[in-house]
Each structure stands twice: as structure tokens, then as C-alpha cells.
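Heads up, the thing below is written out as C-alpha cells.
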Amino acid sequence: MTHHDKIFAKPQQNIPDFSFNEQVVSVFPDMISRSVPGYATIVNGIGNLCARVAQPGSRIYDLGCSLGAATLSMRRHLDDRGCTLVAVDNSQAMIKRAAEHLAAFVSPTQVELICADIRDIEIDNASMVVLNFTLQFLPPEDRSALVAKIHRGLLPGGVLVVSEKLRFDGDRVHQLLDEMHLDFKRANGYSELEISQKRTALENVMKPDSKQQHYQRFQDAGFREYSSWFQHLNFASLMAIK
Ligand SMILES: Nc1ncnc2c1ncn2[C@@H]1O[C@H](C[S@+](CC[C@H]([NH3+])C(=O)[O-])CC(=O)[O-])[C@@H](O)[C@H]1O
Ligand SMILES: O=C(O)C(=O)Cc1ccccc1
């Protein structure tokens, strides 16, 4: 099958840190849907939520947009209320392919596609901000500043969505959910070798927080309300409201 993720199928001597390069881009939809339980449901839910909270004339941000799955879902759910979608990723390879995906469908909603680090961009007049499996790739010490910047850029009633792989404080709970996630990957055709090599590649670049850490960060940034709206095993999507 073409576009099938075989990146970690052969034994590698030295496993380099995971990066969102051309090779990953070419198999990304397959990789993420076979690796992240609930991914399609979350992307759909983000579109549905967007239709409810998008304020006329406001901006909607998709930070770490990859190929623009969440942007496409939100654009599909937006009628012509004069919103601008802003999709940002610091991988040039992702942005290039995202542009092709977005151009494949017509919509009256304007989309700005930006290749930049999400720590450097300005956020303003936002009714919704999406971090769909992106925050976990930011160095842990930079996460609070980003969430605080998002809070400042949101309009009253604005919504932040944060989807993440979660860490659990209970050793046994963490272990069980981790093993069940491995079973999910096995059921989707990944071999033991693929699973363990990818794990090594991700070790230094993806550092999951616990749900409590996310909630504390929302609280510290000034969000009034927050909750989890989706969870499957150790993958969850949270929302926070200004
Ligand atoms: N500092 C940064 N600045 C900008 N982009 C970044 C940064 N760090 C990482 N990225 C980007 O964040 C994305 C994370 S993938 C998101 C899936 C997507 N949201 C989806 O709904 O399909 C998640 C995953 O693969 O598990 C990659 O495209 C990185 O280049
Ligand atoms: O594969 C995993 O174990 C993950 O936790 C998620 C993931 C999905 C796609 C790219 C990087 C990480």
C-alpha cells in the first residue's frame, strides 16, 4: 500500500530523534490514525465545537497543524461568518503538503498557512485555539508561557482545545494504559520492532504531562472553566474556556 507507514520497520543502528520531515509527511495520515486512539473522533469533534464557538469576524488558530486535519474539519463546519483560520507549523515539509490539502476543497473561509514556531507568533482576536497533539512536543519549560499567551489572545468566551497523550501518576494505571495503547498499535499492524524503535525516537522529543498538570496550567493562565471532553486509553482532548 502506498502512503503506508514503514518508517521503523527495519532495524536501525542508531535511531535519530523523531522529526516531522519529508519521510514522515509522506505517511503522516496513516501514522497518526494507526498510533493515536480516537484521532478521527477528536478531529471531528473539533469541527463540531468550532461551529458552536466561532465568533463572527474572529480568528481561529490551529497550532502545530501538520497537514491541516483540524483546520479542514473546522473550515468544513464554518458557514460564512467572516472568520479567518490561521494554521501554523514549523515543519516546512508539513506546510507544503498542507497547502495542497487545503487547496483541494473550496470554502469561503480564508486560511492563512504559516511556517513558524508557535512560540513566536502573535495570537489576537481569537475565538478558538487548537493544540491538537502539539503541546507535548514543546520543551516542558515553554508550555506555560504558550498557554498564557493563548489566554491573552482569546476573546471572552473563547475556547482552547488541547489534545495530548497523557502520563498518569499511578504507576499501575500508567502501565496498564500504556500496554493497552501498545495493543492498539499491534492491532493496527505495527510490529514489536516498529513499536520499540519509534518509542526510542520519541523519547527525547515528546514528553507527556498528566491531566492534573494541564489543568493546573489552565488555572494559572486564568481560564475560568476546563474539562476533558474525550479520552480513549492514554489519549485525551481537553477544553478550556476564557
Ligand atoms: N514549536 C513548534 N512550532 C510549530 N509547530 C510545531 C512546534 N513543535 C512541533 N510542531 C509541529 O506540531 C505537529 C505535531 S503533530 C500534530 C497533528 C495535527 N495537529 C493534526 O491534527 O493532525 C502530532 C503528532 O504527530 O503526534 C508537527 O507537525 C510538528 O511539526
Ligand atoms: O506513536 C506514538 O506512540 C504516539 O504516542 C503518537 C505519535 C503519533 C504520530 C507521530 C508521533 C507520535
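The first residue of the sequence shown is numbered 1, and numbering continues consecutively from there. Ligands are counted one by one from 1 in listed order, and the atoms in each one are counted from 1 as well.
- The closest protein non-hydrogen atom to atom 10 (N) of ligand 1 is Asn90 OD1, 3.6 Å.
- Here CD of Gln213 is found 10.5 Å from CG of Leu135. Values are rounded to the nearest 0.5 Å.
- Here Leu72 contributes atom CG and Met74 contributes atom CE; the two are 9.5 Å apart, rounded to the nearest 0.5 Å.
- Of the possible donor and acceptor atoms, none in the side chain of Gln212 sits under 3.5 Å from a partner among the backbone N and O of Phe168.
- Here's the thing with Asp62: none of its N/O atoms is less than 3.5 angstrom from an N/O atom of ligand 1.
- Note: Tyr226 and Phe218 have tilted aromatic rings, judged against thresholds of 30 and 60 degrees for the angle between ring planes.
- Taking the six-membered ring for Trp and the full ring otherwise, the centers of His181 and Phe235 sit less than 6.0 Å from each other.
- Closest to atom 13 (C) of ligand 1, if we only count protein heavy atoms, is Ser66 OG, 3.5 Å.
- Close approach to Leu138 involves these atoms of ligand 1, each under 4.0 Å from a residue heavy atom: 1 (N).
- Within the 3.5 Å criterion, the main-chain N or O of Ser191 finds a donor-acceptor partner in the side chain of Glu194.
- Of the possible polar contacts, none joining the Ser66 side chain to the Gly68 backbone as a donor-acceptor pair under 3.5 Å is found.
- Every atom of ligand 1 is numbered from 1 in the order shown, and the set under 4.0 Å from a heavy atom of Met94 is 28 (O).
- The closest donor-acceptor contact from the side chain of Lys149 to the backbone of Ile121 lies under 3.5 Å.
- Among protein heavy atoms, atom 22 (O) of ligand 1 sits closest to Tyr39 OH, 2.5 Å.
- Remark: minimum distance from atom 21 (O) of ligand 1 to any protein heavy atom is reached at Asn132 ND2, 2.9 Å.
- Taking both residues in full, the closest heavy atoms of Gln55 and Gly158 are given as NE2-N, 4.2 Å, listed atom of the first, atom of the second, then distance.
- Where the criterion is an N or O separation shorter than 3.5 Å, residue side chain and backbone included, Ile118 meets it with respect to ligand 1.
- For atom 1 (N) of ligand 1, the nearest non-hydrogen atom of the protein is Asp117 OD1, 3.2 Å.
- Residue Ser91 has at least one heavy-atom neighbour below 4.0 Å for each of these atoms of ligand 1: 30 (O).
- Atom numbering of ligand 2 starts at 1 in the shown order; those under 4.0 Å from a heavy atom of Lys198 are 1 (O), 2 (C), 7 (C), 8 (C), 9 (C), 10 (C), 11 (C), 12 (C).
- Using a 4.0 Å cut-off to heavy atoms of Met206, the atoms of ligand 2 that qualify are 5 (O).
- The side chain of Leu202, and not its backbone, has at least one atom closer than 4.0 Å to an atom of ligand 2 (non-hydrogen atoms only; side chain from C-beta on).
- Ring geometry for Phe133 versus Tyr39: interplanar angle of 30 to 60°, hence tilted.
- Annotation for Leu63 and Thr134: closest pair O-OG1, 2.8 Å, computed over non-hydrogen atoms.
- The atoms of ligand 2 that sit less than 4.0 Å from any heavy atom of His181 are 3 (O).
- Annotation: cation-pi geometry not satisfied between Arg75 and Phe105 (NZ/CZ under 6.0 angstrom from ring centroid, within 45° of ring axis).
- Every atom of ligand 2 is numbered from 1 in the order shown, and the set under 4.0 Å from a heavy atom of Lys185 is 1 (O), 2 (C), 3 (O).
- Of the protein's heavy atoms, Gly64 CA, 3.6 Å lies nearest to atom 12 (O) of ligand 1.
- In terms of protein heavy atoms, atom 11 (C) of ligand 1 is closest to Asp89 OD2, 3.4 Å.
- Atom 6 (C) of ligand 2 has as its closest protein heavy atom Val36 CG2, 3.9 Å.
- Using a 4.0 Å cut-off to heavy atoms of Lys165, the atoms of ligand 2 that qualify are 3 (O), 5 (O).
- Of the heavy atoms in Phe137, only side-chain atoms (C-beta onward) come closer than 4.0 Å to ligand 1.
- At a heavy-atom distance under 4.0 Å, only backbone atoms of Ala116 (N, CA, C or O) approach ligand 1.
- The closest approach between Phe235 and ligand 2 falls below 4.0 Å for a heavy atom of the residue.
- Numbered from 1 in the order shown, with element, the atoms of ligand 2 that lie under 4.0 Å from a heavy atom of Ser35 read 1 (O), 8 (C).
- Screening Gln136, Arg143, Arg167 for a side-chain hydrogen bond (donor to acceptor under 3.5 Å, both in side chains) with Asp209, the sole residue that qualifies is Arg143.
- Taking every non-hydrogen atom of Thr134 and a distance limit under 4.0 Å, the qualifying atoms of ligand 1 come out as 12 (O).
- Side-chain contact between Val161 and Ser163 is present, with at least one heavy-atom pair separated by less than 4.5 Å.
- Ranking protein heavy atoms by distance to atom 14 (C) of ligand 1, first place goes to Phe133 O, 3.5 Å.
- Residue Arg224 places its CZ atom among 12 or fewer non-hydrogen atoms of other residues, nucleotides or ligands, all under 6.0 Å distant.
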